[in-house]
K.L.:
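Pasting in a structure now, in structure tokens, and then I'll have a few things to ask.
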Amino acid sequence: MMNHFMVLAVLLPLKTCYPTYTQQESLVFPVTYLNISKDLALQQLLVEWDVGKPAHDTELAMSFEIQVRRTGVTTATWTAFHNVTLDKSVKPLHWVWNSDLPLECMSHSVRIRSKAEASKIWSQWSSWKTVLGLDTSNNSGPQIFPNEKVIEEGSDITLCCIGRRGQIIKEFFLDSADHVFNHTNSQLGLLTVKNVAHQEVPHITVYCQESCSEAQCHDHAILFVGKQPDKPNDFSCQTQDMRTVTCTWSQGRETYLYGRHSPKYALFEEFSQKPVPCTVSCSKQCSCSWDRGKQRIWNITVTVENPLGKKTAMDNFDVTHRIYPAAPFQLWEESTDTKITLYWKQRNKGIELFCQAEVLQPDGKVELHNISDTYLHYPRITLSGLQPYTEYTARIRCGAAKHFWRWSEWSKARNIRTKEAPPSGKLDIWREITPVLGGRNVTLFWKQAPDFQANGRSISYEVTWKKVDDDAEAESISFSSVYNSTRISIDNHSYRISIKAKNDVNYSLPSVLIIPRSTGAEAEVSGSELKEEQVNGTDDGIFISWEPRHQYDSYVIDWCNYPMLQPCDLQWKRFGPNTSSALINSDAFVPGVRYNFHIYGSVANRASLLEKKTGYLRELPPLLDPIVEKVDLTFNAVTLSWDSYPTNESQYGFVKGYHVYVSPIEENCSLKGSRKHVLPDGSVLCKYTIENPEEKRYTVKNLLSNTKYKLVVKAYTGGGETPIGNFIYIDTPFNSNMLYLLVLLVIVPSLIAAICGLKLKRMKECCCPIIPSPNKSKVLSFKEFKTGPEKILKLHDCIPDMLAVDSNAKAQKLHPWSQLSSAATEDKIDVHNSSWIYSNENEEGDFTPTPTSSQTHAWFENFAYSSHLAVESDPYQRRETLDASRPELSLGLYHPHYYFDIFNEDAASTPRETAGRKGSLRYISQTAVHCLGRRL
Amino acid sequence: MRCPGPPLGVLAVVTKGLFILWAVPGQGGRPLQPPTLQQVQALVRHMAEDAQELFTFYEENQRLAIHNICRTNHPPEWLRGPVLGPRGLRGLQGTMASMSQALQVIIRHQQDLNPPGAEILRRLASTHLKVRGLLSNLQGLFPAPSSQPGHRPLPSPTAPTKVFRQKLEGCRILWSYARFMAKLNAQMENRSRRARRDKWRARRGSRLSTRS
């Protein structure tokens, strides 16, 4: 608004020359002067113009519309507006246009028109002013623009190749760049690259060729692709000696620009407004050093610049607060067995320093010691409380005591060993006493207790023993460091044994053991009257506890790492008087091995056995199954025994009892003591549990007669039992009680009837006797059996009292019921009794009687012997046992095959047996055993 | 388990290193002694191979393999023949001095284009060392004053030229140098063969004359 009034004020006096204010809206001030030029370095078009002096005089606010036209392959026009308030200086106006295409490539023209802001009317356009491109000039060959330009990675660039007049650009390309827009086939080639990326090669080569092929038809250009430099990182300045100031910084990212395009650093001091006289050197870090003179306060600016950009960093500091001392040097020391005094030199004379010593202990721990009195000629530190004959590593660093800035570098580390001292602490000693004739053998063991320190290069041990009640001279013997045990022989007197360690300086304190007087009884040494208690293992070891006794000042537990070996690697562990339990572990402990622990109470170096423990780290299933040695079988029960099964330390765990598995008697195993057990294959067994490991006999009752069963005995430990297998097979015999019942029900009434009939007949004979006719006698009637001169007795008409079997060796008398009854009543029947055993496998092959046995024995198939025992376990082993132990019984091997055949034909046995039988059988009972026998 | 033997490339490098120790006097701590002609010949043979390898690498590395623009038939004057002129090996000193200077220029240009330690810089430096080694050998063989008749003037420092022009010039120099060294090696081999043959003939002739 104010401007409007001013314009009015200016225009009023001009009323005579210009239209009135009402006409001002239509006033124009056309461009009176226009000139354009180009800055090729900056690729800028510089426009200069002016309007008439009156406009300046009135300080008019004006708008200018500027048009730029590029003339070449295509014509394009850009429009810009420029607002300015004129002043009275009458200076021309300026405007700059940045070209995205090299200005050399084409001609550029500019025109301008103007308008007073108060006016609504634009002036006429000025005429076009042109700066020519090189496309209009006479070149000696094609030319590429730009050339050797540094481009920022990620930017876009347009290049042109200007051919000679009349020539066409045939090829125009880059050797390594993507996203290229290419335009050729005229005098001017254009090429645009978007998002220029840094390639393997640090620069890009551009090729241009006209349609000819001579040397002058080519041109090449180079483009450098890089990055702006990063701001110098961690820029800081310091001094080591108060004379020279050094500034350091890190360079930052790679710029990919090298040589003359690489980043250039310059330091500038702001207070003095002068460049810092130093030379920058960069490797991992950049640094620049100069003599500080007397200046204390500095304000330093570091500038890094490359063709793509410029960055700065500053540091304002008081040089006395920036002391970075040089590293201490020339360390040396004086040492005793527990102290080291460390000396060093430092370059920073006149600067009060605060130093620090780092001591590396042998166990890897690091200790820092501060030293403040470093004004001494030779600064030093004394490190005390050190271990004798131990190597320490020490190093020193320092910082300014006042205005601490930073630590110096560490000095070179120095390895220092303290002097030797007598061994400290005691040896931990123990013994094992073995009674021998007239005395005892004592094996002594020693090891370094946790608090023991050898304190020297070499160590040896000295063992001394003497009688307690005697003034006799002590005996002693020395051992080198590789020994940790020895054996001495002593009589039954009480002895005092001491063991000491010795190094080059002196002995350690002795460790003492008193071996009490012996009465000669073995029990006092072995503690056999003590009951051995079982203990449990855990993942972390075997837990031992004992009853605390107030009279002892310590407890000792000893055990063997390898109980089955000799020597068994005796170990021991000491505990204080208030301890009553311990977790014993050893790398040697393995599952399945029984370890025995002895707990001793010790008072005044005398040890007494208190308790004995035994246990496993982890119990495993038994190594072997019980071998069933005897089987007693009745028609409804079977008794198994495995007396020889061991339950001692040879087992992989404590045998806690046995399981007897039997094929089901009833579906649900509901009988007393029986539980159902399902095998992985789904079959069911009845399981009987015996919880006493010493009970090695079990009777399975309630079996069914005349039935086949399989059974197995398994031992179990805390680790379980082995998989079920290796069954024994049995066949229960026929129930003989049924026979008695049959006898009672059938035969006795028959006898009674017969007797009654006989009595009746006798009465009849008495009253009216009949003279018997031999020809009518059935028994003595041989007419039906005459086979020559002999008469044959028909057996089924005979009821024999006794059966006689003749053999070559001797005749045997067998009562037809005798063996039957024995089968039912005899308690102990050897499972190897061959007449009762058969195998499920290889029946014919394995148990065919030998010719020898068939020659010496007659076979008699007694149908009452219908009970059979089959042992499945190991037919080879079983047979071997049979042959070896009872060879005379091999004749009795029973073959079901023969048994079956006896009903079919007279060849009830093998032909060989039949032949044998023909020769030896004199009388064969026809006792009606058919009704007693049964088929299986 | 079998241990793999050293790669062939490593063996070749080691062999070359040992060879240079032998061929270049004063290397490996030995006292400086005048080289033998055999040593010079062996060094030339090695440098001929090296020059060809350097050119091939440079041409590829600098993307100048297009249109064979490096393989000019117009070598710089100091690399033109005759390779072994009437002055024989003595005339090589000027060529090697010029080549040493040209390599320095090429190295300087390449330092503007490559990061320190770049392969091209390493190879150029290695070749430069060999050129200086041969020059030193020749000076050992012919310890006459340096101003000799027929000595060509060294190229004057060139005015700053465009980067591509510098690359191309360097490439052309390396191409001409490779060809020059190949010719030199061939000529020396021929001379050596001829000398052996002449020697053998002379010995044979003297024997025949002795018998007759």
Side-chain angles (χ1 to χ4, degrees), chain A residues 140-151 159 161 170-177 198-210 212-227 251 253-264 281-284 306-307, chain B residues 54-77 101-125 128 157-176:
Chain A
S140 57
Q143 285 182 294
I144 299 171
F145 296 99
N147 188 9
E148 298 180 18
K149 186 175 181 180
V150 181
I151 313 160
L159 301 106
C161 180
K170 195 177 78 178
E171 287 190 46
F172 187 30
F173 61 93
L174 309 178
D175 67 343
S176 55
H198 174 261
Q199 306 284 328
E200 274 182 37
V201 182
H203 56 272
I204 297 172
T205 308
V206 190
Y207 298 90
C208 179
Q209 186 186 354
E210 293 171 347
C212 51
S213 58
E214 290 79 21
Q216 65 270 21
C217 302
H218 296 272
D219 192 27
H220 308 84
I222 297 289
L223 298 176
F224 301 97
V225 181
K227 289 180 177 175
Q251 298 181 77
R253 294 175 305 167
E254 170 73 83
T255 60
Y256 306 122
L257 299 175
Y258 311 105
R260 61 194 163 96
H261 296 135
S262 61
K264 304 288 187 299
S281 68
C282 293
S283 53
K284 283 183 182 176
N306 73 3
Chain B
L54 175 65
F55 167 72
T56 308
F57 182 82
Y58 186 98
E59 187 185 42
E60 180 64 29
N61 181 260
Q62 300 292 306
R63 311 290 167 105
L64 294 170
I66 186 167
H67 303 313
N68 288 334
I69 53 176
C70 294
R71 304 186 185 208
T72 175
N73 290 323
H74 305 287
E77 195 223 345
Q101 198 168 349
L103 278 168
Q104 274 181 325
V105 172
I106 295 171
I107 288 169
R108 199 168 58 242
H109 290 159
Q110 287 300 319
Q111 280 171 342
D112 276 353
L113 303 177
N114 293 281
E119 175 68 6
I120 184 71
L121 295 175
R122 195 191 63 74
R123 286 184 182 236
L124 285 166
H128 189 211
T158 52
T161 54
K162 298 285 185 183
V163 173
F164 184 82
R165 177 63 51 192
Q166 291 167 350
K167 280 173 40 163
L168 187 60
E169 280 304 315
C171 190
R172 286 175 172 167
I173 286 172
L174 293 179
W175 163 248
S176 304

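By convention in this document, chain letters (A, B, ...) are assigned in the order of the sequence lines, proteins followed by strands, and residues within each chain are numbered from 1. What you are looking at is a predicted structure, and each value in this text was computed from that prediction instead of being measured.
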K.L.:
How long is the gap from CD on A:Gln251 to OG on A:Ser262, to the nearest 0.5 Å?
P.N.:
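Reported to 0.5 Å precision, the distance equals 9.5 Å.
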
K.L.:
Tell me which of these, A:Val206, A:Thr205, A:Ile222, A:Leu257, has more heavy-atom pairs under 4.5 Å with chain B than the rest.
P.N.:
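Highest number of heavy-atom pairs under 4.5 Å: A:Ile222.
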
K.L.:
Measure distances from B:Gln110 to the heavy atoms of chain A and classify the residue's part below 4.5 Å as side chain, backbone, both or neither.
P.N.:
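Contact with chain A is absent: no heavy atom of B:Gln110 under 4.5 Å.
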
K.L.:
Which atoms of A:Asp219 are under 4.5 Å from chain B, going by heavy atoms: the side chain, the backbone, both sets, or neither?
P.N.:
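A:Asp219 has no heavy atom closer than 4.5 Å to chain B.
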
K.L.:
Name the one of B:Ile69, B:Asn68, B:Asn73 that satisfies side-chain contact (heavy atoms from CB on, under 4.5 Å) with B:Arg71?
P.N.:
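It is B:Asn68; the other options fail the test.
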
K.L.:
At a 4.5 Å cut-off on heavy atoms, which part of A:Tyr207 comes close to chain B: side chain, backbone, both, or neither?
P.N.:
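Just its side chain gets close to chain B.
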
K.L.:
To the nearest 0.5 Å, tell me how far A:Cys161 SG sits from A:Glu210 CD.
P.N.:
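Separation between the atoms: 7.0 Å.
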
K.L.:
Side chain, backbone, both or neither: which part of B:Ile66 has an atom under 4.5 Å from a heavy atom of chain A?
P.N.:
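Only the side chain of B:Ile66 comes within 4.5 Å of chain A.
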
K.L.:
Heavy-atom cut-off 4.5 Å, strictly under: side chain, backbone, both or neither for A:His203 against chain B?
P.N.:
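For A:His203, the contact with chain B is made by the side chain alone.
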
K.L.:
Using heavy-atom distances under 4.5 Å, tell me whether B:Leu168 contacts chain A through its side chain, its backbone, both, or neither.
P.N.:
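For B:Leu168, there is no contact with chain A at all, as no heavy atom is under 4.5 Å.
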
K.L.:
To the nearest 0.5 angstrom, please state how far the CG atom of A:Asn147 sits from the CG atom of A:Leu159.
P.N.:
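So the CG of A:Asn147 and the CG of A:Leu159 are separated by 9.5 Å.
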
K.L.:
Is A:Glu148 reaching over with its side chain to a backbone N or O of B:Val163, donor-acceptor style, under 3.5 angstrom?
P.N.:
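Checking the backbone N and O of B:Val163 against the side chain of A:Glu148, a donor-acceptor pair under 3.5 Å is found.
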
K.L.:
Could you measure the distance from the SG atom of A:Cys208 to the CD1 atom of A:Ile144? Nearest 0.5 Å is fine.
P.N.:
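Between atom SG of A:Cys208 and atom CD1 of A:Ile144 there are 5.0 Å.
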
K.L.:
Answer with side chain, backbone, both or neither: which region of A:Glu254 has an atom nearer than 4.5 Å to a non-hydrogen atom of chain B?
P.N.:
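Interface part for A:Glu254: neither.
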
